[in-house]
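The structure appears below as structure tokens.
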There are 2 protein chains.
Amino acid sequence: MLKSPLPTRDDIDPVAPTPGAAAATPGARFAARPDIPLYYQIKEDVFLHLRSGQWPPGFELPPEHALCAHYGVSRGTLRRAIGDLVSEGFVERRRGRGTFVCQPKLESGVEGSYRRFRMIGPPLDPGARVLACERVAALPDIAGVLGLAPDAPIWQLERVRHTRGEPVAIQTSYLPAALCPDLDHQALQHRHLVDVLRDVYGVRLGRAVEYIDPGVADRHIVRHLGVTPTTPVFRIERSTYTIDNRLAEYRRASLRGDLYRYRIELR
Amino acid sequence: MLKSPLPTRDDIDPVAPTPGAAAATPGARFAARPDIPLYYQIKEDVFLHLRSGQWPPGFELPPEHALCAHYGVSRGTLRRAIGDLVSEGFVERRRGRGTFVCQPKLESGVEGSYRRFRMIGPPLDPGARVLACERVAALPDIAGVLGLAPDAPIWQLERVRHTRGEPVAIQTSYLPAALCPDLDHQALQHRHLVDVLRDVYGVRLGRAVEYIDPGVADRHIVRHLGVTPTTPVFRIERSTYTIDNRLAEYRRASLRGDLYRYRIELR
DNA sequence: GAGTGGTCTAGACCACGTT
DNA sequence: ACGTGGTCTAGACCACTCA
């Protein structure tokens, strides 16, 4: 797509002008393909320079006005292209300094680069077998987790989730009773908790934070999930918040590790 | 921040004009605070309408020109505000149709909404104890995984990683020998594999895909990590690709589950 | 002071979906 | 035909960084 080499820093550096290099793009025009957004073509072109190693990590990109001239586009279009590369984590803008190629984050430490994850496995059946659904006074520990006063009324829920009729997970949930004064056993057998909260109580859930540990099936899990005592499980701890950021549910769950796994794409 | 209610669909609907509602924002001006980008203030204001439930999931936002008029900004600024909400997953634009509030994805099934994850735990020491570093002919299975012909030369690496001098993970790696003809035992004891690949062989790593399962320490792990036979571990399977998308390393690892956990933020 | 990126405007034309 | 969002322009002024 690119008909001419991109400008180097030297091409536009007034301190050390290199006429030869500058002459490498004399009156160069960017050969844009129709029906493809310009910003996208530019982004791809710049990205190729990163992949090819011509613009290595730490490299300072030519300033925006130089790239505008090179590609023959307005600054808005150029900034959209570079902005997409920024949000994908490939380049970094520093106000007053310039735009730089990021260091690859992969494997640089324990802190994983983010990307996206998903749980891999067969879909859970809707509803659950409700082992317990009790309104109790919060013990100090759980009150602390939920951010409530000790003895505040809470709902304590224990459910077994199924996949194709087979039990695969046990979930213990704690919810402030103020959020949903009269939870119904029956409703939860066929509906997601999130749906009951929304439709019955007008509670909308927003973000959640989940911690995942490896574990081994204990007696409780063995009994309810019908697995052997050495089956590996995921121990999942989740805090779910309402859209106005109140803690709506604290949940601990065990999920069969022989049926489910996590998949994470790293950059 | 908002001095007047945002326009409703009715306010700008030519089919069903509601003069009363329209009069609710007569000559309304958006009270912008200085030193905060306009697009950011607008984004926050619109976001509040989502959180408050005034614009519920599925709701069609007023058209851009109406929002421009309401906030008294140009279309570029308005689009930047809405665009940020789009990339955060709160609203969705449909060309020719309009802009709509997204349905909350949380808990709607087994497929997790993505957000970001990180490994939680103390940082790994650089380098590793290299148990094995052998150049061998690929067995059919591993050749298949690496996308090589059977008997193609590969490097087979076994390393123990440490944290504060204590062994916490075992990693078995397979790499096409073509990528790095003469891997050095010594170099790997003090440097990250990724650094050796880059600095010695000019191989740059890009994306990676990781699968995570729960497991229990086996004899091999017990011996090298010094844990008891029932310690839960993460079984991590990772394929790492070069920036030009060739498979550079296939790795299986076991990581002490009593020291590390995953943290995932869901939307 | 010179150069960089950050923000913002007021237009324009287009592609798409609905009516 | 009309209204929607998608793209793009050619300016402008500002804040920040560095020499």
Side-chain angles (χ1 to χ4, degrees), chain A residues 7-17 29-30 32-44 46 58-87 90-102, chain B residues 7-17 29-30 32-44 46 58-87 90-102:
Chain A
T8 66
R9 295 298 307 175
D10 283 347
D11 288 342
I12 51 88
D13 187 350
V15 178
R29 282 284 153 259
F30 177 70
R33 287 163 53 184
D35 295 333
I36 300 180
L38 264 176
Y39 72 83
Y40 183 81
Q41 298 185 54
I42 293 169
K43 175 195 144 193
E44 290 301 296
V46 171
F59 180 83
E60 181 180 355
L61 271 62
E64 294 178 346
H65 70 81
L67 290 173
C68 289
H70 173 75
Y71 288 112
V73 298
S74 71
R75 197 166 161 228
T77 301
L78 188 275
R79 275 183 64 81
R80 162 101 198 235
I82 301 299
D84 284 357
L85 289 174
V86 168
S87 58
F90 293 112
V91 303
E92 179 187 12
R93 289 200 267 231
R94 299 183 209 155
R95 164 129 93 173
R97 300 271 318 274
T99 305
F100 301 83
V101 179
C102 286
Chain B
T8 66
R9 294 297 307 172
D10 283 348
D11 288 340
I12 52 89
D13 187 349
V15 178
R29 281 285 154 257
F30 176 70
R33 284 163 55 184
D35 295 331
I36 299 179
L38 264 176
Y39 72 84
Y40 183 81
Q41 299 186 54
I42 293 169
K43 175 196 144 195
E44 290 301 295
V46 171
F59 180 83
E60 180 179 356
L61 270 61
E64 293 178 347
H65 71 82
L67 290 174
C68 289
H70 173 75
Y71 288 110
V73 298
S74 70
R75 196 166 162 229
T77 300
L78 188 276
R79 274 183 64 80
R80 163 102 197 236
I82 301 300
D84 284 357
L85 289 173
V86 168
S87 58
F90 293 112
V91 303
E92 179 187 14
R93 288 201 268 231
R94 299 182 207 155
R95 167 131 95 175
R97 300 272 316 277
T99 304
F100 301 84
V101 180
C102 286

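The sequence lines fix the lettering, A, B, ..., with proteins before strands; numbering per chain opens at 1.
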Legend entry - Residue closer to the 5' end of DNA chain D, B:Arg93 versus A:Thr77 (nearest nucleotide): B:Arg93

Legend entry - Main-chain N/O of A:Ile36 paired to A:Gln41 side chain as donor or acceptor, under 3.5 Å: yes

Legend entry - Atom pair distance, as rounded to whole Å: CD1 in A:Ile36 and C1' in D:dG6: 15 Å

Inset, instruction - Report the residue (A:Gly96 or A:Gly76) whose heavy-atom-nearest nucleotide on DNA chain C is the more 5′ of the two. - result: A:Gly96

Inset, instruction - Would you please confirm or rule out a distance under 4.0 Å between OP1 or OP2 of C:dT7 and any side-chain N or O of B:Tyr39? - result: yes

Inset, instruction - Name the nucleic acid region contacted by A:Arg94, choosing base, sugar-phosphate or nothing; use a 4.0 angstrom heavy-atom cut-off, strictly under. - result: sugar-phosphate

Inset, instruction - Report yes if a side-chain nitrogen or oxygen of B:His65 is closer than 4.0 Å to either non-bridging phosphate oxygen (OP1 or OP2) of D:dT4; otherwise report no. - result: yes

Legend entry - Interatomic distance, A:Glu64 CD vs C:dA2 P [rounded to whole Å]: 20 Å

Inset, instruction - For the pair B:Arg93 and B:Arg79, evaluate side chain to side chain contact (heavy atoms under 4.5 Å, CB included) and give the outcome as yes or no after the intermediate values. - result: CA-CA 11 Å; B:Arg93 288 201 268 231; B:Arg79 274 183 64 80; 3.7 Å; yes

Inset, instruction - Could you tell me the separation between the CG atom of B:Leu38 and the P atom of D:dC13, rounded to a whole number of Å? - result: 17 Å

Legend entry - Residue mapping more 5' on DNA chain D - nearest nucleotide basis, A:Leu78 or B:Arg95: B:Arg95

Inset, instruction - Round to a whole Å and report the spacing from CZ of A:Arg79 to P of D:dG11. - result: 18 Å

Inset, instruction - Would you check, one step at a time, whether the test side chain to side chain contact (heavy atoms under 4.5 Å, CB included) holds for A:Arg97 with A:Glu92? - result: CA-CA 11 Å; A:Arg97 300 271 318 274; A:Glu92 179 187 12; over 6 Å; no

Inset, instruction - Using the side chain to side chain contact (heavy atoms under 4.5 Å, CB included) rule, take B:Thr99 and B:Leu85 through it: C-alpha gap first, then chi angles, then the decisive distance, then the call. - result: CA-CA 11 Å; B:Thr99 304; B:Leu85 289 173; over 6 Å; no

Inset, instruction - Would you mind reading off the distance between B:Glu60 atom CD and D:dG5 atom C1', rounded to a whole angstrom? - result: 11 Å

Legend entry - Base C:dG6 paired with A:Arg75 side chain (donor-acceptor, <3.5 Å): yes

Inset, instruction - Output yes when at least one side-chain N/O atom of A:Thr99 is less than 4.0 Å from OP1 or OP2 of C:dG5, else no. - result: yes

Legend entry - Value in whole Å for how far the P atom of C:dC8 lies from CG of B:Leu67: 16 Å

Inset, instruction - Just compare C:dG6, C:dG17, D:dG5 and give me whichever is closest to any side-chain atom of B:Arg97. - result: C:dG17

Legend entry - Shortest side-chain distance from A:Ser74, nucleotide among D:dC8, D:dT4, D:dA15: D:dC8

Legend entry - Nearest non-hydrogen partners of B:Arg75 and B:Cys68, listed with the distance: CA-SG, 3.4 Å

Legend entry - From D:dG5, D:dT9, C:dT7, nucleotide with atom closest to B:Arg80 side chain: C:dT7

